[in-house]
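The basis for the numbers below is simple: all heavy atoms, side chains too, and nothing from hydrogens, waters or symmetry mates. Quick note on labels: first sequence line is chain A, next is B, and so on, each numbered from 1.
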There are 2 protein chains.
Amino acid sequence: MNRRNSEEQRFLDNYDATAFERPSVTVDVVILTLREGHLEALLVKRKEHPFLNYWSLPGGFVQLHESLDEAAARVLRQKAGLEGVVGLEREGALHPPIYLEQLYTFGHPQRDPRMRVISVAYYALVEASHIREVGEETALFKLRVPPGADSVEIFDHKHKKYSLAFDHAEILAVAVRRIRGKLGYTPIGFELLPERFTLRQLQNVHETILQTKLNKDSFRRKMLASGMLEPTGELERGVGFRPAELYRFRREA
Amino acid sequence: MNRRNSEEQRFLDNYDATAFERPSVTVDVVILTLREGHLEALLVKRKEHPFLNYWSLPGGFVQLHESLDEAAARVLRQKAGLEGVVGLEREGALHPPIYLEQLYTFGHPQRDPRMRVISVAYYALVEASHIREVGEETALFKLRVPPGADSVEIFDHKHKKYSLAFDHAEILAVAVRRIRGKLGYTPIGFELLPERFTLRQLQNVHETILQTKLNKDSFRRKMLASGMLEPTGELERGVGFRPAELYRFRREA
DNA sequence: ATACATATATGCTTATTGCATATAAGAGGC
DNA sequence: GCCTCTTATATGCAATAAGCATATATGTAT
């Protein structure tokens with residue numbers, strides 16, 4: 001007998017869910033954007049202990065009724081004022097929703113000095129113009145991953161270096177590695193640009209993220225051959241020289 | 001003032017860690033192997049409600065003192081009789097330790113009917129000869145991902161189809177997708193072969209996992225050019241025709 | 001109208017891949 | 001030992017793609 005039945009229902013009715021000690025679970029969201037040719041992340045200044053006044057990833061505890069994806073979208077909305085949806089199904093939202101995807105789960109027993117906290121990290125890609133830096137509490141920081149390092153360094157707009165709370169420097173490093181890897185087989189750079197963009201802009205996105213120069217012709221041919229770009233027939237404006245054609249991402253494919 | 005200090009210590013001493021409701025957290029481990037030209041997974045038959053007598057991924061609750069990686073290695077050891085060591089640093093073990101890596105975290109609120117359970121899934125790659133199918137409780141099942149589906153179908157050695165407990169069919173599908181993707185840029189097929197293997201065997205691994213035929217010359221050239229293979233100078237034995245050279249994975253690189 | 005600065009197109013060179021063919025080599029039969 | 005079988009390995013060549021240089025096109029600004 002291996003069907004699920006009333007005996008199982010009886011079991012469930014009598015189950016003591018408090019039998020095991022349980023960790024706390026949070027989601028932390030790496031919000032990446034491009035500004036002035038730099039890869040940056042939106043961070044919030046902690047207003048509580050531990051790590052009071054340290055900069056940290058926006059995050060929050062997972063509520064028992066919400067999925068992890070929902071918790072990440074809630075953090076994006078509440079802490080960063082951004083409307084995000086996981087996955088590529090993104091219909092019927094005000095702005096086109098934001099790219100949001102699970103990154104990795106961090107669970108070192110001492111990563112939070114208060115208690116055992118497991119953090120499911122997400123990352124979001126956001127066009128810079130959508131980001132509001134609210135007062136003193138949220139700000140964009142430039143990211144640098146020293147070669148071979150497993151954590152990032154962060155710098156504010158004056159290029160002053162800061163420390164990060166918890167293990168967030170490692171989480172950011174995993175996010176940067178992930179997006180670099182993903183660029184190799186996915187044209188994810190769109191997500192950091194306006195809906196319509198030129199090939200040059202797209203190449204700049206790749207070059208900024210990968211920290212390398214790319215061959216222009218090769219990049220252009222590869223992108224056009226991928227069939228994921230759709231020419232709009234329109235041209236960019238106000239550039240003082242020959243304007244490039246604007247393309248958009250072919251969502252339906 | 002943003003340094004961590006005695007005030008923070010006082011805060012921590014008084015912190016009430018029970019303030020929020022917390023989910024349970026488990027690790028589930030997808031143990032993949034190749035047998036007779038099929039990709040298979042090691043599953044265990046549940047001896048408890050819910051899903052009594054259903055086949056499921058080996059798993060267990062994360063203890064408060066152990067990291068997620070440690071919990072996954074413990075499950076591999078205790079539930080599958082495999083000595084898993086996390087990551088690629090693998091010195092001084094009896095068998096060469098097993099490839100084990102975090103896969104994805106599953107957290108739908110109703111994925112477990114007992115209570116809120118978040119599962120951090122791992123996947124392991126194991127050479128078939130290391131796997132013991134113990135009695136009625138553990139067995140290898142062939143995996144099939146129907147095109148476009150987001151869950152796998154499992155079949156026993158008589159090709160009888162079974163259902164899986166919880167959302168484990170989706171977890172397995174994510175694992176298959178992950179290893180397929182990973183083959184494109186990592187020579188991960190080694191992990192499913194003995195220490196020394198021929199190029200033909202390695203190609204068979206790729207073809208089985210990817211479900212495609214590969215060009216032999218191209219595969220051979222690419223693998224040799226990658227610099228990750230090291231010829232041993234030895235030849236395979238007892239094949240009735242010209243034996244191929246045995247290679248090994250260059251661990252130090 | 002012309003200069004400017006970059007977009008886009010074209011052609012050539014070089015590297016990579018796919019495919020066909022030739023040669024090599026252990027096992028096993030005689 | 002010699003021949004055959006079968007697959008491994010090497011070589012050559014055509015097709016394809018990538019890298020690079022050059023030519024032409026085109027909006028803006030003067």
Side-chain angles (χ1 to χ4, degrees), chain A residues 34 36-37 180-181 183-187 189-190 193-250, chain B residues 34 36-37 180-181 183-187 189-190 193-250:
Chain A
L34 289 179
E36 296 157 21
R180 282 182 181 162
L183 271 188
Y185 56 94
T186 312
F190 307 117
L193 291 173
E195 194 226 339
R196 288 177 291 181
F197 51 86
T198 67
L199 289 172
R200 160 61 60 191
Q201 288 178 296
L202 187 59
Q203 183 174 348
N204 286 341
V205 170
H206 283 239
E207 291 180 343
T208 300
I209 293 172
L210 297 174
Q211 292 285 331
T212 53
K213 281 282 158 207
L214 298 175
N215 182 282
K216 180 174 168 174
D217 302 271
S218 174
F219 182 83
R220 153 184 292 279
R221 271 187 298 219
K222 211 174 338 186
M223 281 298 152
L224 293 176
S226 79
M228 313 204 72
L229 293 186
E230 192 170 54
T232 65
E234 294 172 69
L235 303 178
E236 64 179 335
R237 321 200 70 213
V239 281
F241 43 80
R242 175 170 173 177
E245 180 156 18
L246 292 167
Y247 291 81
R248 81 161 64 84
F249 179 49
R250 199 184 285 270
Chain B
L34 288 179
E36 296 157 21
R180 281 183 181 162
L183 272 189
Y185 56 95
T186 313
F190 307 118
L193 290 173
E195 195 226 339
R196 287 176 292 182
F197 51 87
T198 67
L199 289 172
R200 160 61 59 191
Q201 287 177 297
L202 187 59
Q203 183 173 347
N204 285 341
V205 169
H206 282 238
E207 290 180 343
T208 299
I209 292 171
L210 297 174
Q211 293 285 329
T212 52
K213 280 283 158 207
L214 299 174
N215 181 282
K216 180 174 168 174
D217 301 271
S218 174
F219 182 82
R220 152 184 293 278
R221 272 186 298 218
K222 209 172 340 184
M223 281 298 152
L224 293 177
S226 79
M228 314 205 71
L229 293 186
E230 191 170 53
T232 64
E234 295 172 69
L235 303 178
E236 65 180 332
R237 320 200 71 216
V239 282
F241 44 80
R242 176 171 173 178
E245 179 155 19
L246 292 167
Y247 290 81
R248 80 161 67 83
F249 179 48
R250 199 185 285 268

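Atom NZ of A/K222 and atom C1' of D/dC20 are 15 Å apart (whole Å). Taking atom CG on A/L224 and atom P on D/dA17, their separation rounds to 15 Å, with Å as the unit. Separating the CD atom of A/E236 from the C1' atom of C/dT8 is a distance of 13 Å, rounded to the nearest angstrom. In this structure, the CD atom of B/Q203 is 12 Å from the P atom of D/dT9, given to the nearest Å. Following rounding to the nearest Å, B/E245 (CD) and D/dT9 (P) show an atom-to-atom distance of 7 Å. The distance from atom CG of A/L235 to atom P of D/dG27 is 7 Å, rounded to the nearest whole Å. Rounded to an integer number of Å, the gap from CZ of B/F241 to P of C/dG28 is 11 Å. In this structure, CZ of A/F219 is placed 13 Å from P of C/dT8, rounded to the nearest angstrom.
The nearest heavy atom of DNA chain D to A/N215 and to A/G240 marks one nucleotide each, and the one closer to the 5' end goes with A/N215. Nearest-nucleotide assignment on DNA chain C puts the 5′-proximal partner with B/R221, out of B/R221 and B/P243. Summary of the strand contacts: B/R237 and B/R242 both lie near DNA chain C, and taking for each the nucleotide with the nearest heavy atom, the more 5' one is attributed to B/R242.
Between B/F197 and B/F190, the ring planes lie tilted relative to each other; the angle falls in the 30° to 60° range.
Here the closest non-hydrogen pair linking B/D217 and B/N215 is N-OD1, 3.1 Å. For A/M223 against A/L202, the heavy-atom pair with the smallest separation is SD-CD2, 3.9 Å.
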For residues 236-244 of chain A, which side-chain N or O atoms pair as donor and acceptor with protein atoms under 3.5 Å away, sequence neighbours left out?
from   : atom 1 : to     : atom 2 : distance (Å)
A/E236 : OE2    : A/A244 : N      : 2.9

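Residue A/K216 places no side-chain N or O under 4.0 Å from the OP1 or OP2 atom of D/dC20.
Set against C/dT17, D/dG19, D/dA8, the side chain of B/S218 has C/dT17 as its closest nucleotide.
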